[in-house]
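A quick write-up on the structure given underneath.
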Amino acid sequence: MKKNHILTFTLNPAYDLMGSCKKIEYGEVNRIQTHGLYAAGKGINVAKVLRDLGMPVTVSGFLGEENKEGFSSKILGMSAQFHTVPGRTRINMKLTDAENISTDFNFSGFEINSKNWEDFYSHSMNILNNVNLVVVSGSLPIGIDIHDFSLWIKAVKEKCPRLVFDSSGEALKIGLKVLPWLVKPNLSELKIWAGVDLSHFSDVVAAAKKLHQEGIEHVIVSLGDQGAIWIYKDGGYFASAPACKVVSTVGAGDSMVAGLIYGLLTGKTYAHSLRLATAISCITVSQSGVGIDDIDKLDAMMARVNLQPLS
Ligand SMILES: Nc1ncnc2c1ncn2[C@@H]1O[C@H](COP(=O)(O)OP(=O)(O)O)[C@@H](O)[C@H]1O
Ligand SMILES: O=P(O)(O)OC[C@H]1O[C@](O)(COP(=O)(O)O)[C@@H](O)[C@@H]1O
């Protein structure tokens with residue numbers, strides 16, 4: 001396997017059906033303009049960006065048997081090592097309205113039984129050999145016991161200490177306990193972890209520092225259109241996100257994670273890496289779907305990111 005080989009696990013991938021309408025009318029028939037149907041889920045999105053930046057990447061997780069045709073053809077250029085299970089991969093609906101607000105309807109899909117989990121567990125440990133960095137991202141499908149997930153992610157970290165973790169809800173709380181190498185909660189996820197309302201910027205910085213002090217080397221908190229902060233051993237940065245036309249914010253966080261990984265694995269400075277990650281996430285916001293189709297756009301977007309050191 002090549003140097004810097006990256007593996008992403010998406011236990012609950014999805015087809016993202018993206019579209020827009022003027023306004024979502026509750027209880028009415030809503031007519032939606034379709035933008036596209038994409039193979040997605042957090043680790044898949046991270047992998048798309050890394051692939052476009054030229055990094056070798058493998059994607060893994062579960063995939064539903066019934067609608068698996070087509071998924072692989074939508075993620076060309078990366079190695080796919082999915083564990084197929086009976087049932088359907090979920091379809092998540094993502095709508096952007098005239099005020100540029102994205103609303104997500106994340107459905108449930110296949111269910112995992114204990115045999116599926118046991119098989120996946122051993123398969124996942126095998127494919128972790130020779131991996132330089134592993135990403136565990138997204139929600140858990142129905143049927144995965146949180147205690148089993150906790151044991152699995154611990155074992156993943158033992159095999160590959162450079163663990164990047166991005167999830168929500170109970171899985172987020174459990175995953176943070178294994179002290180991943182890098183985490184990127186958004187503001188609402190950080191609030192859940194902190195258990196308090198983080199109403200001021202200084203509260204957000206303090207909570208991120210606390211998470212870092214627990215033993216997580218890189219804590220990045222994304223703040224939507226406000227940008228992001230990064231706390232690491234010797235300091236931190238705030239990056240403001242450049243104003244951009246919003247097509248859909250879906251995948252913005254995943255794109256940021258990919259940019260951070262790329263910067264860190266290719267030896268860029270933290271300032272450069274955060275600038276790059278912020279720029280990539282803004283490019284994602286200004287298009288439908290995740291990925292960098294024009295690499296020349298990046299430099300221009302990076303120049304528009306404003307960085308400030310945090311004390
Ligand atoms: N409306 C926006 N305009 C510009 N950049 C944005 C916007 N929304 C998100 N971003 C960029 O994407 C990053 C991740 O977005 P955020 O919504 O915080 O994450 P998540 O998708 O994980 O909830 C932000 O830090 C920012 O750089
Ligand atoms: O696994 P979850 O938490 O339901 O999230 C899955 C959804 O998140 C996405 O990966 C987008 O995530 P972000 O907007 O946080 O980057 C979608 O592609 C997918 O539908």
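Just so you know, ligand 1 is whichever comes first in the structure, and atom 1 is the first atom listed for that ligand.
Taking every non-hydrogen atom of A252 and a distance limit under 4.0 Å, the qualifying atoms of ligand 1 come out as 12 (O), 14 (C), 15 (O). Near M256, the atoms of ligand 1 lying under 4.0 angstrom from a non-hydrogen atom of the residue are 25 (O), 27 (O). Near K94, the atoms of ligand 2 lying under 4.0 angstrom from a non-hydrogen atom of the residue are 7 (C), 17 (C), 19 (C), 20 (O). If you number the atoms of ligand 1 from 1 as listed, the ones under 4.0 Å from a heavy atom of L223 come out as 18 (O), 25 (O). Per-residue contacts place G138 under 4.0 angstrom from the following atoms of ligand 2 (heavy atoms of the residue considered): 1 (O). Numbered from 1 in the order shown, with element, the atoms of ligand 2 that lie under 4.0 Å from a heavy atom of A252 read 14 (O), 16 (O). Applying the 4.0 Å criterion to heavy atoms of D16 picks out, from ligand 2, the atoms 17 (C), 18 (O), 19 (C), 20 (O). Annotation for ligand 1: atoms under 4.0 Å from non-hydrogen atoms of V246 are 1 (N). Interface atoms of ligand 2 facing N92, defined by a heavy-atom separation under 4.0 Å, are 19 (C), 20 (O). Listed by number with element, the atoms of ligand 2 under 4.0 Å from a non-hydrogen atom of G253 are 16 (O). Counting the atoms of ligand 1 from 1 in the order shown, those under 4.0 Å from a heavy atom of T278 are 27 (O). Below 4.0 Å from some heavy atom of P242 lie the following atoms of ligand 1, by number and element: 4 (C). The distance from ligand 2 to the heavy atoms of A40 drops below 4.0 Å at these ligand atoms: 18 (O). Near N106, with a cut-off below 4.0 Å to any heavy atom, the atoms of ligand 2 are 2 (P), 4 (O), 5 (O), 6 (C), 7 (C).
Close N/O approach between A228 and ligand 1 is not found [any backbone or side-chain N/O within under 3.5 Å]. Taking any N or O of N45, backbone or side chain, at least one lies under 3.5 Å from an N or O belonging to ligand 2. Considering backbone and side-chain atoms alike, A14 places every N or O at 3.5 Å or more from each N or O of ligand 2. The distance criterion of under 3.5 Å between nitrogen or oxygen atoms is met by G253 with respect to ligand 1. Residue G224 places at least one N or O, backbone or side chain, under 3.5 Å from an N or O of ligand 1. Remark: ligand 1 and T249 share no N or O pair separated by less than 3.5 Å (distance only, no angle test).
The shortest heavy-atom contact between P86 and N116 is CD-ND2, 4.4 Å. Nearest heavy-atom pair, M302 versus R275, reported as atom, atom and distance to 0.1 Å: O-NH1, 3.1 Å. Closest heavy-atom contact between P180 and L163: CB-O, 3.4 Å. Minimum heavy-atom separation, A208 to I231: CB-CG1, 3.7 Å. Smallest separation of non-hydrogen atoms from T89 and G64: OG1-N, 2.8 Å. The shortest non-hydrogen separation linking L11 to S139 is CB-O, 4.3 Å.
To the nearest 0.5 angstrom, E65 atom CD is 4.0 Å from K68 atom NZ. Remark: I220 CD1 to S273 OG distance equals 9.5 Å, nearest 0.5 Å. Atom OG in S122 sits 11.0 Å away from atom CH2 in W117 (nearest 0.5 Å). Distance CD1/I6 to CG/N132: 7.5 Å, rounded to 0.5 Å.
No salt bridge links K22 with D97; every basic N to acidic carboxylate O contact stays at or beyond 4.0 Å. Ion pair E118/K115 not flagged as a salt bridge, since none of the NZ, NE, NH1 or NH2 atoms sits closer than 4.0 Å to an Asp/Glu carboxylate oxygen.
M256 places none of its side-chain heavy atoms less than 4.5 Å from the side chain of I280. Between H123 and Q81, the closest side-chain pair of non-hydrogen atoms falls below 4.5 Å.
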### Task
Take F9 and W152, measure what ring-ring contact (aromatic ring centres under 6.0 Å, His included) needs, and give me the verdict at the end.
CA-CA 12 Å; F9 284 113; W152 175 75; 5.1 Å; yes
### CA sep, side-chain torsions, deciding dist, call: K94, D104, salt bridge (Lys or Arg N to Asp or Glu O under 4.0 Å)
CA-CA 5 Å; K94 315 280 176 175; D104 296 9; 3.2 Å; yes
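Proximity of K184 to ligand 1, defined as any heavy-atom pair under 4.0 Å, is confined to the side chain (atoms from C-beta onward). Here L187 has no heavy atoms under 4.0 Å from ligand 1, in either its backbone or its side chain. Here A241 has side-chain heavy atoms under 4.0 Å from ligand 1, and that is the only part of it that gets that close. With a heavy-atom cut-off of 4.0 Å, C244 touches ligand 1 through its side chain alone.
Here the heavy atom of the protein found nearest to atom 5 (N) of ligand 1 is C282 SG, 3.5 Å. Given atom 25 (O) of ligand 1, the protein heavy atom at minimum distance is G227 O, 2.8 Å. At the top of the distance list for atom 2 (P) of ligand 2, counting protein heavy atoms only, stands S139 OG, 3.4 Å. For atom 16 (P) of ligand 1, the closest heavy atom belonging to the protein is S222 OG, 3.6 Å. Among all protein heavy atoms, the one lying closest to atom 10 (O) of ligand 2 is D254 OD2, 2.8 Å. Of the protein's non-hydrogen atoms, the one nearest atom 23 (O) of ligand 1 is N186 ND2, 2.9 Å. Counting protein heavy atoms only, atom 8 (O) of ligand 2 is closest to K42 NZ, 3.0 Å. Of the protein's non-hydrogen atoms, the one nearest atom 14 (O) of ligand 2 is G251 N, 2.8 Å. Nearest non-hydrogen protein atom to atom 2 (C) of ligand 1 is D225 CB, 3.5 Å.
A donor-acceptor pair under 3.5 Å is formed between the side chain of T96 and the backbone N or O of V247.
When each of F110, F120, F71 is checked for a ring-ring contact (aromatic ring centres under 6.0 Å, His included) with F82, only F71 meets the rule.
No heavy atom of M256 sits closer than 4.0 Å to any atom of ligand 2. Ligand 2 has R90 within reach: a non-hydrogen atom of the residue lies less than 4.0 Å from it.
Dense packing is recorded around CD of E25, with more than 12 heavy atoms of other residues, nucleotides or ligands lying under 6.0 Å away.
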